[in-house]
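Down below is the structure, laid out as C-alpha cells.
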Amino acid sequence: MEKSKVLVVGGTGYIGRRIVKASLEQGHETYVLQRPELGLQIEKLQMLLSFKKQGAHLVKASFSDHKSLVDAVKKVDVVISAISGVHIRTHCISLQLKLIDAIKEAGNVKRFLPSEFGLDSARMGHALEPGRVAFDDKMAIRKAIEEANIPFTYISANLFAGYFAGSLSQMGSFVPPREKVHLFGDGTQKAVFMDEDDVATYTIKTIDDPRTLNKTLYMRPPQNVLSQGELIGIWEKLIGKELEKTYIPAEEFLTILKGLDYKLQVAMGHFLHIFYEGCITNFEIGDDGEEASKLYPEVNYTRMDEYLKIYV
C-alpha cells in the first residue's frame, strides 16, 4: 500500500520535531508547515532547514491566511497537528479551528490527528479548575472535527518521560533527585511513562492503519505502567542508594496548588488526577480505542529503567 503524504503543523515543537523525524524514518513523504510568524526565532528556522536536508518539504502558510492553509493541506493525505498546548510555555490549541476550516475546504484529507498527545481529554470532564481549560479546549477541537466529518485519530500518549520520568515526577525539576524525593499520596497509583520518540513512532504508524480510524490510540505499553513509587525504585537501584521520602496527602497538595500562579495551577492541577485518582489507568480501553503496543508489537519501546540510565 502506498504510504500517505504527511503534513506536520508545529513541526519545530517538543513533540512535533519527533513526529517529523518518525514520518521520514517510516518512509512518508513529509511536509512541514513553515509559518512567517517565525520571525527571528533562528533555532526554529535552522530546525526547519535541517528537516529539509533530511528530505522533508517546507510549506509556507499562516493561520492568518486561509488560502495558504488550504493550499498546504491539498498537498497531503494526512495532517498532524503538534502545536503547543502547554500553558507554562505557549497554548495555541484553538488555532486548530482555522486548520479544521482549511481541511474541510480542501476536502482531500483522509486522516487528521489534532494536538492531543497527553491524557484522554474525553475522560477529563471532571478536571479541576483552572487545569480543565486544557481539556475543554481540546474537546472543542474534537467537536469541530467530528461536526465537519473529518476522519481522525486521537492520540493519548499519557506522560512524556522528559517531563515526568526524568524528574521522578517532582514539581519544579526535570532531573531526578539524589537525596530526597516527594511522593503524591502513597505513591502507588499507576501511570504510564512514554519516551517521546516512541510516542512519535506509534503516532506515525496509525495514519495508514484502518484499525485506528475515528478512534483514540492509547499508549499503555505494559512495562511502562508504573507507579511513582516503582519509578523511584528503579532510580534507587540505578544509583545504589535509597532516597529520603516525603509523602504529600491530597489535602496538602491542594493547598500547595492554590498558592501557585495561574499557569502553574493549570499544569500542576493535572498531577492530582494522575497521581491521586489514577486517571490514566483506572479504566478499560473500549471499542472506541486501541492500545498502541498491542497493535504494533514490532516497536521495541523504551523501558523506564533504560530511559533513566542517562541521568546516572
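FYI, side chains are in, hydrogens and waters are out, and symmetry mates aren't considered; it's all heavy atoms of this structure. Predicted model, so just to flag it, every value in this text is computed and none were measured.
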Hydrophobic cluster membership, Phe112 vs Val70, 4.5 Å side-chain cutoff: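 Phe112 does not cluster with Val70.
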Step-by-step side-chain hydrogen bond (donor to acceptor under 3.5 Å, both in side chains) determination, Thr30 to Ser23: CA-CA 6 Å; Thr30 305; Ser23 181; 2.7 Å; yes
For the pair [X] and [Y], find out whether any cationic side-chain nitrogen is under 4.0 Å from an anionic carboxylate oxygen.
X      : Y      : value
Lys205 : Glu298 : yes
Lys215 : Glu290 : yes
Lys143 : Glu147 : yes

Chi angles and distances behind the side-chain hydrogen bond (donor to acceptor under 3.5 Å, both in side chains) call for Glu116, Ser156: CA-CA 7 Å; Glu116 294 252 354; Ser156 177; over 6 Å; no
Could you state the interatomic distance from [atom1] ([X]) to [atom2] ([Y]), rounded to the nearest 0.5 Å?
X      : Y      : atom1 : atom2 : value
Lys241 : Glu179 : NZ    : CD    : 3.0 Å
Met194 : Glu196 : CE    : CD    : 9.0 Å
Leu99  : Lys104 : CG    : NZ    : 14.0 Å
Lys21  : Ile19  : NZ    : CD1   : 12.5 Å
Ile274 : Asn158 : CD1   : CG    : 8.5 Å

Non-hydrogen atoms of Glu37 and Ser64 that approach each other most closely: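 Closest heavy-atom pair between Glu37 and Ser64: OE2-OG, 3.7 Å.
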If you define the side chain from C-beta out and look only at heavy atoms, does anything of [X] sit under 4.5 Å from [Y]?
X      : Y      : result
Lys5   : His57  : no
Glu29  : Val76  : no
Thr12  : Arg17  : no
Leu217 : Leu295 : yes
Leu159 : Val192 : no
Val181 : Trp235 : no

Can the positive tip of [X] be found less than 6.0 Å from the middle of the six-membered ring of [Y], inside 45° of the ring normal?
X      : Y      : result
Arg123 : Phe283 : yes
Arg18  : Phe117 : no
Arg303 : Tyr307 : no
Arg35  : Phe63  : no

Partner of Ser4 under side-chain hydrogen bond (donor to acceptor under 3.5 Å, both in side chains), chosen from Lys110, Arg111, His28: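 Looking at Lys110, Arg111, His28, the match for Ser4 under the side-chain hydrogen bond (donor to acceptor under 3.5 Å, both in side chains) is Lys110.
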May I ask you to check whether over 12 heavy atoms, not counting those of [X], lie within 6.0 Å of atom [atom1]?
X      : atom1 : value
Glu2   : CD    : no
Lys190 : NZ    : yes
Lys245 : NZ    : yes

Qualifying residue, where the test is ring pair (Phe, Tyr, Trp, His ring centres under 6.0 Å) with Phe271 and the options are Tyr163, Phe164, Tyr276: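 Only one option passes, and that is Phe164.
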Test item: side-chain donor near acceptor, Asp120 and Tyr218, under 3.5 Å: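 Tyr218 and Asp120 do have a side-chain donor-acceptor pair below 3.5 Å.
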Between Ser293 and Glu291: side-chain donor-acceptor atoms closer than 3.5 Å: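 Indeed, the side chains of Ser293 and Glu291 share at least one donor-acceptor pair under 3.5 Å.
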Verdict with reasoning, Leu113 to Thr203, per side-chain contact (heavy atoms from CB on, under 4.5 Å): CA-CA 9 Å; Leu113 283 67; Thr203 296; 3.6 Å; yes
Worked verdict on Lys67 versus Asp65 for salt bridge (charged side-chain N to carboxylate O under 4.0 Å, His left out): CA-CA 6 Å; Lys67 184 179 183 302; Asp65 182 349; over 6 Å; no
Parallel, tilted or perpendicular: ring planes of Tyr202 versus Tyr296, cut at 30 and 60 degrees: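 Because their plane-to-plane angle lies in the 30° to 60° range, the rings of Tyr202 and Tyr296 count as tilted.
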From CA spacing to verdict: side-chain contact (heavy atoms from CB on, under 4.5 Å), His66, Glu105: CA-CA 10 Å; His66 176 71; Glu105 182 172 328; 2.6 Å; yes
